[in-house]
Protein chains: 2
Amino acid sequence: MRSVERKTKANLEDIARVAGVSKMTVSRVLRGGSGFSDDTRARVRRIAEDMGYVPNRLAAAFALDQASTLVGMCVPRLTSGLFGHVLDGVDRALSRLGFQVMIGSNNHSAEEEEAWVRQIVAWRPSGVILSGRNHTAGTVDLLRNAGMPVVEIWELTTSPIDMAVGFSHFDCGVEIGQFVIRRGRRRAGFVGALSRSDVMGQARLQGFEAALARAGHPLADREVLHDSPGFYPGYYGLETLLARRPDLDVVYFHNDEMAIGGLAYCQSRGIRVPDDLGIVGWGGMEAASVLPRRLTTTVVPTTAIGKAAAEALVARLKGEPCQDVTVVPTRLVPGETA
Amino acid sequence: MRSVERKTKANLEDIARVAGVSKMTVSRVLRGGSGFSDDTRARVRRIAEDMGYVPNRLAAAFALDQASTLVGMCVPRLTSGLFGHVLDGVDRALSRLGFQVMIGSNNHSAEEEEAWVRQIVAWRPSGVILSGRNHTAGTVDLLRNAGMPVVEIWELTTSPIDMAVGFSHFDCGVEIGQFVIRRGRRRAGFVGALSRSDVMGQARLQGFEAALARAGHPLADREVLHDSPGFYPGYYGLETLLARRPDLDVVYFHNDEMAIGGLAYCQSRGIRVPDDLGIVGWGGMEAASVLPRRLTTTVVPTTAIGKAAAEALVARLKGEPCQDVTVVPTRLVPGETA
DNA sequence: TGCGTCAGGTTTACCGGTAACGTAGCTTAA
DNA sequence: TTAAGCTACGTTACCGGTAAACCTGACGCA
């Protein structure tokens with residue numbers, strides 16, 4: 001006997017002993033199988049209940065090298081309001097079906113993501129949901145080799161590891177670029193954050209720049225802070241940018257949080273929005289829509305993305321047909337700040 | 001041989017065979033044990049690497065009925081910005097130590113929480129973190145019986161299931177009540193949401209009412225919406241409340257999101273804040289601090305709570321001494337809206 | 001009477017890892 | 001010289017659940 005301390009929890013064998021049947025019978029009864037009398041079923045159920053039986057999913061998942069009902073999900077930052085909604089969409093859809101979601105965050109770093117994937121794969125999950133399409137070779141190897149469903153969300157990719165659900169960040173930038181040109185803006189700036197690692201934010205900037213250049217009014221200046229994209233970086237980023245280029249007539253921000261910071265700066269300096277300066281965000285924070293002036297931004301269907309990712313994953317698990325790439329359209333909301 | 005399809009993944013035995021040692025030696029080498037030659041160590045490590053060995057934590061956790069490095073965490077809503085920060089605090093602290101966090105949300109329902117706990121306990125996690133102190137008897141039984149560390153966060157309780165980290169919501173309300181009285185407000189209202197289930201929001205209201213009553217200026221009116229606490233409910237909640245009681249001179253909101261909605265309503269109707277009406281929130285959203293007028297609110301140290309909860313859990317796991325109840329103080333930020 | 005069938009089970013053989021204990025060969029100190 | 005000790009491993013016996021195969025008595029039926 002290895003463990004000295006008495007075991008506190010009943011297992012199938014304990015129930016079997018008390019019920020006078022084999023542990024296999026108990027297992028099948030508790031999993032709702034058929035092939036035993038009503039009396040046996042009732043007795044086993046009652047005894048399991050009385051003994052406070054808690055199934056051991058570790059043992060079950062281990063016994064069946066397949067299906068563990070564990071799903072891993074990794075996002076860049078847990079503190080982002082947008083990802084909170086994505087997470088919520090995933091969790092609602094999956095928990096309803098009996099899955100458990102294991103989370104992780106990678107701070108926009110592909111290396112941190114790989115470290116997370118390495119841990120998670122060891123738990124033999126049913127599937128994995130990643131954010132973005134920027135992964136290390138090690139991550140891709142690990143996941144392909146594991147042979148489990150993988151859904152890459154948020155940024156689309158034409159060649160997903162397995163499946164992808166999202167939209168094009170580049171196109172978001174293009175759309176905003178075209179929009180500000182149509183509104184007559186000619187000297188555009190950009191305020192962003194974490195340029196090196198946030199590939200998706202960079203893609204938006206590139207799309208924005210491309211559209212402006214095509215229209216003959218290239219990006220005038222940019223200010224990219226080495227900080228996480230929040231309200232204060234937006235505030236001070238705009239301050240810095242305008243100090244260099246007071247003549248800008250519109251500024252595109254990394255996201256809504258930063259744009260709201262920028263709006264606050266304008267308010268504090270008496271800069272009239274959108275008359276003196278246009279402000280554009282990205283993401284579609286709920287807050288952005290009830291500001292004194294409704295923020296011009298791109299609304300991202302966060303919850304829908306989470307839900308679609310979960311559904312794609314489950315469809316693949318069930319062997320149902322499902323498309324590899326699901327495009328979830330974003331929506332430009334004109335607002336009143338540009 | 002049960003499985004027809006060839007197994008794709010190498011296990012300890014496969015490595016052992018190739019390396020010409022026993023699987024126990026492989027297990028010990030890979031876990032960094034000692035008691036073998038440098039040659040053996042290097043050979044086993046290289047072969048494991050070459051074969052793309054991914055440890056099976058399911059099997060390891062199952063073998064040792066103890067320590068699974070899985071930790072469950074359940075919050076009321078994943079979409080709340082505040083809980084995103086708590087989650088981040090927990091995840092950062094735990095993932096650094098090699099734990100995996102399994103999430104869940106209960107929508108402020110003790111029954112949903114119990115259903116979640118029932119699922120999670122079956123995975124034999126190292127510990128569980130819950131939000132609030134309102135649990136079903138079944139939840140408490142399940143957790144006590146499982147004998148694992150449990151941390152209740154957010155709302156303090158004097159008799160935790162195991163440990164608690166948080167603050168008193170009632171006291172937050174009292175503090176705000178006393179504050180508005182000191183500022184000369186005499187006709188206070190409240191706008192909230194989800195009254196039945198959000199016990200913590202209710203506690204803040206009760207504290208607020210108690211302080212007002214004690215000062216001789218009891219709460220004049222309240223508007224509680226059956227909706228989740230967001231910007232729009234704040235906007236329309238204030239509209240409804242002021243339609244009934246145009247004479248209010250201050251309104252306490254369920255949280256900052258609702259308060260910002262309320263501010264937006266004031267702005268749209270030309271109600272001067274704080275001259276005509278004081279607005280007070282709760283939570284300390286980052287957004288609230290860069291609004292045109294800094295919101296009067298209670299700042300909650302979200303990340304610190306998550307971190308403290310994780311640390312308490314780990315301390316208990318290690319058998320280190322740790323206090324059962326950790327008070328993490330909130331801070332009233334006067335702001336400019338009341 | 002003999003045999004097939006079916007309900008209602010039981011038995012067996014793992015899943016992949018780990019703790020506890022065992023052991024061969026060599027060194028070392030009394 | 002010899003027992004004790006150390007090094008570097010190997011062996012055994014599980015952990016709790018599950019699939020697959022096997023068993024058994026009762027009944028129907030030719």
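Within every chain, numbering begins at 1; the chains are lettered A, B, ... in the order of the sequence lines, protein sequences first and strands thereafter. Both backbone and side-chain heavy atoms feed into the values below; hydrogens, waters and symmetry mates do not.
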What is the distance, to the nearest angstrom, from the [atom1] atom on [X] to the [atom2] atom on [N]?
{"X": "Lys9(A)", "N": "dG17(D)", "atom1": "NZ", "atom2": "C1'", "answer": "15 Å"}
{"X": "Arg57(A)", "N": "dG17(D)", "atom1": "CZ", "atom2": "P", "answer": "12 Å"}
{"X": "Asn56(B)", "N": "dC15(C)", "atom1": "CG", "atom2": "P", "answer": "12 Å"}
{"X": "Arg124(A)", "N": "dC15(C)", "atom1": "CZ", "atom2": "C1'", "answer": "11 Å"}
{"X": "Ile15(B)", "N": "dC9(D)", "atom1": "CD1", "atom2": "C1'", "answer": "17 Å"}
{"X": "Glu13(A)", "N": "dT18(D)", "atom1": "CD", "atom2": "P", "answer": "13 Å"}
{"X": "Arg28(B)", "N": "dT11(D)", "atom1": "CZ", "atom2": "P", "answer": "12 Å"}
{"X": "Leu12(A)", "N": "dA19(D)", "atom1": "CG", "atom2": "P", "answer": "12 Å"}

Q: Go through residues 32-43 of chain B and report each residue with a non-hydrogen atom lying under 4.0 Å from DNA chain C, sorted by number.
A: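 Correct list: empty, so none.
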Q: Could you tell me which non-hydrogen atom of Pro76(B) sits nearest to which non-hydrogen atom of Met200(B), and how far apart they are?
A: CG-CE, 4.4 Å
Q. Are there more than 12 heavy atoms of other residues, nucleotides or ligands under 6.0 Å from atom CZ of Arg92(B)?
A.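 No.
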Does any donor atom in the side chain of [X] or [Y] lie under 3.5 Å from an acceptor atom in the other side chain?
{"X": "Glu152(A)", "Y": "Thr157(A)", "result": "no"}
{"X": "Arg41(A)", "Y": "Ser37(A)", "result": "no"}
{"X": "Gln100(A)", "Y": "Thr69(A)", "result": "yes"}

Closest to the [X] side chain: [options]?
{"X": "Val21(A)", "options": "dC15(D), dA19(D), dT10(C)", "result": "dT10(C)"}
{"X": "Asn11(B)", "options": "dG17(C), dT18(D), dG17(D)", "result": "dG17(C)"}
{"X": "Thr25(B)", "options": "dG17(C), dC9(D), dC15(C)", "result": "dC9(D)"}
{"X": "Ala59(A)", "options": "dG16(D), dA19(C), dT18(D)", "result": "dG16(D)"}

Q: Give a yes/no answer on whether the side chain of Ser27(A) brings an N or O atom under 4.0 Å of OP1 or OP2 in dG17(D).
A: no
**Q.** Presence of Tyr53(B) side-chain N/O under 4.0 Å of dG17(C) phosphate oxygens OP1/OP2
**A.** yes
Q: Pick out which of Leu130(A), Asn106(A), Thr139(A) makes a side-chain contact (heavy atoms from CB on, under 4.5 Å) with Trp116(A).
A: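 Per the side-chain contact (heavy atoms from CB on, under 4.5 Å) rule, the option paired with Trp116(A) is Leu130(A), out of Leu130(A), Asn106(A), Thr139(A).
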Q) Which sits closer to the 5' end of DNA chain D, Ser22(B) or Lys23(A), going by the nucleotide each is nearest to? A) Ser22(B)
Q | 5'-most by nearest nucleotide on DNA chain D - Met24(B) or Phe62(B) | A | Met24(B)
Q: Would you please name every residue forming a salt bridge (charged side-chain N to carboxylate O under 4.0 Å, His left out) with Lys23(A), sequence neighbours left out?
A: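 Salt bridge (charged side-chain N to carboxylate O under 4.0 Å, His left out) list for Lys23(A), sorted by chain: empty.
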